[in-house]
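Owing to the predicted nature of the structure, the values given are computational and were not obtained by experimental measurement. Residue numbering restarts at 1 for every chain, and letters A, B, ... go by the order of the sequence lines.
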Amino acid sequence: MQRIFIVLVVVIATFVSATAQTNNKLVAASVARGKTIYLQRCMVCHQADGGGVPKLNAPLDASSTVNGSDISKLVKYIVKGLNDRIEIDGEFYANAMPAANDLKDQQIADVLTFIRNNWSNKAGPITLTQVKQIRSKLK
Amino acid sequence: MKKVTQILVFSSLFILVLLASTSTFAQKIKPDADNAGLTLPAGFAALKVADNVGRTRHIAVNKQGAIYAKLERLDNGKGIAVLKDTDGDGRVETKTTFANYIGTGIAIKGNYLYASSNKEVFKYALNANGDIVDENAAATLVTGLVDKGQHNSKSLTLDNAGNIYVNVGAPSNSCQEKDRTKGSMGMMPCPILDSAGGIWQFKVDQLNQTYATGVRYATGLRNVVGLDWNNELNQLFVTQHGRDMLNNLYPDMYDTTVSAELPSETMYAINKGDNAGWPYIYYDHFKGKQMMAPEYGGDGKKTVDDKYINPAMAFPAHMAPNGLLFYTGNQFPARYKNGAFIAFHGSWNRSPLPQEGYYVVFVPYENGKPTGKWEVFADGFSGKTVVKNPRDAQHRPCGLAEGPDGSLYVSDDVKGTIYRIMYQK
């Protein structure tokens, strides 16, 4: 009985760690793809260090919005752009953000996963399923 | 008796030392040991007159040497700081604040102080001491100017004929139907130009002027932040922020390096009715040509000739010329007289190349024309050898003013440091 238990534990542990490894690999791949998109589409304004430009373009690094749980907001900013003057962590940013509606769902998931896991950010990855769900509700 | 003599001798010595030191201070203000962290041409020195004033945009210095600083953020509800050196050491001891609006523009002409919010222009009477007569008695000269966030500074300058010139920046990069959006075409004609993207002229003695009563003095200027009246030529000069994102919007025509180096930042000598061509063209200082903007059919090669005014000077891209001042003082060596100082706020859109600017430039003039060469006059504001990311810059030059003794003052809108640059014989 005891032996069966040990075997069971080992099997489950192996499975869990394998899944975690697969997940890590998937996230790493998503981050890598996201970085390419970031460099082409986001970096000029949000900068290589994710620090944005004071008073013009919002920082992504250490941003409460970027690291927050309301990921629908993040997907919306990418798909719809941002023209309203909104306050982010006590600052206003003057430049408009263009919509990147041409990005595919997977690309949006990738670039957001990269942004949320780069610089000092340590927020969870964003999946294709999540982006699909959120995007379908955007008008 | 001996004691009394001793006391007398010591006290008179003390008074002598005191007199000597105060008279030295009155004649010569000691620069900071590190020249306020700045690198300057030989013979020049600098000090930090004030620190942490709050994000200071433009500045004006009255005849008595007091500094009026226009703040970008309210300080306890107030948007103009008055800085005074009360003991003659060149450093500010007292700071008072007034005016309940943020903004950029501020200037003194005659016995009046002029200041702008992002929508209005106000005027305050000054007394014989250069102080505001009544802080609560602002006369509203201009109302209703466009403020949509982007490029909303209302910089100002005055001529000698009772007019004030106000910049209204275009709330747009290149007048696309959708701002900064790839594939979106330029609007033709650009409707923004009706109420922005130019310089408006108003009267200094009329209240509540609007677009309807003002004069659109010059157009086709995307975002002018530096402007100054050149008294030698009796002419308006302005510095324009050129457009952004050629590569992001048109990657097939412009690679990232070209996009970092183009278009030029430009200085124009303005006559009434001039059109500098934004958004239809941008200037290329490598070619010395006006180029058709890609949003309006350009391809990086097509030029536009004889339609718009040419710049008096062109500078590398994206450096953001925020302050312009023609030097009229006698303190600096003769070659500086009637030349132009420009405060470059520093770039953000030159990546992947390092950022540029974050310094004050001098443009020598001869016979009323720039010689064509510009030089870095004061560097080191950012505190970095190379600025890779704008947020790393500790200070960014924004405004310029000339003191009554011919010192050059520079403001910083990161923390609000006020620098004073002097020539020491």
Subject >> Part of A:A96 within contact of chain B (heavy atom distance under 4.5 Å) >> reply: both
Subject >> Contacts of B:L193 that satisfy side-chain contact (heavy atoms from CB on, under 4.5 Å) - sequence neighbours left out >> reply: B:C190, B:R216, B:T219, B:W278, B:P279, B:Y280
Original post:
Does the side chain of B:T97 pick up a donor-acceptor pair with the side chain of B:D75 at under 3.5 Å?
Top reply: no
**OP:** Name the region of B:K388, side chain, backbone, both or neither, that has any atom closer than 4.5 Å to a heavy atom of chain A.
**Re:** backbone
Original post:
Which atoms of B:N248 come close to chain A, meaning under 4.5 Å heavy atom to heavy atom: side chain ones, backbone ones, both, or neither?
Top reply: side chain
**OP:** Using ring-ring contact (aromatic ring centres under 6.0 Å, His included) as the criterion, list what pairs up with B:Y101, not counting sequence neighbours.
**Re:** B:F122
**OP:** Check whether B:Q176 gets within reach of chain A through its side chain, its backbone, both or neither, counting any heavy atom under 4.5 Å.
**Re:** neither
Original post:
Of all of B:K182, B:Q355, B:E72, B:R396, which one pairs up most often with chain A through heavy atoms under 4.5 Å apart?
Top reply: B:E72
Original post:
Tell me, do B:E295 and B:M188 make a side-chain contact under 4.5 Å, heavy atoms counted?
Top reply: no
**OP:** Let me know if A:N57 has heavy atoms under 4.5 Å from chain B in its side chain, its backbone, both or neither.
**Re:** side chain
Original post:
Side chain, backbone, both or neither: which part of B:N247 has a heavy atom under 4.5 Å from chain A?
Top reply: neither
Original post:
Any side-chain donor paired with an acceptor under 3.5 Å for B:H395 and B:T417?
Top reply: yes
Original post:
Looking at A:A48, A:A94, A:P59, A:G52, which one has more heavy-atom pairs under 4.5 Å with chain B than the rest?
Top reply: A:A94
Original post:
Does any donor atom in the side chain of B:D244 or B:N349 lie under 3.5 Å from an acceptor atom in the other side chain?
Top reply: yes
Original post:
Does any N or O in the side chain of B:S117 come within less than 3.5 Å of the main-chain N or O of B:E120, such that one atom is a donor and the other an acceptor?
Top reply: yes
Original post:
If we only count heavy atoms from C-beta on, is the B:P397 to B:S411 side-chain gap below 4.5 Å?
Top reply: no
**OP:** Tell me, out of B:R73, B:K178, B:K148, B:R350, who's got the most heavy-atom pairs with chain A below 4.5 Å.
**Re:** B:R73
Subject >> Top contributor to chain A interface from B:D413, B:V414, B:T256 [non-hydrogen pairs under 4.5 Å] >> reply: B:D413
Original post:
Under a 4.5 Å heavy-atom cut-off, does chain B meet the side chain of A:L56, its backbone, both or neither?
Top reply: side chain
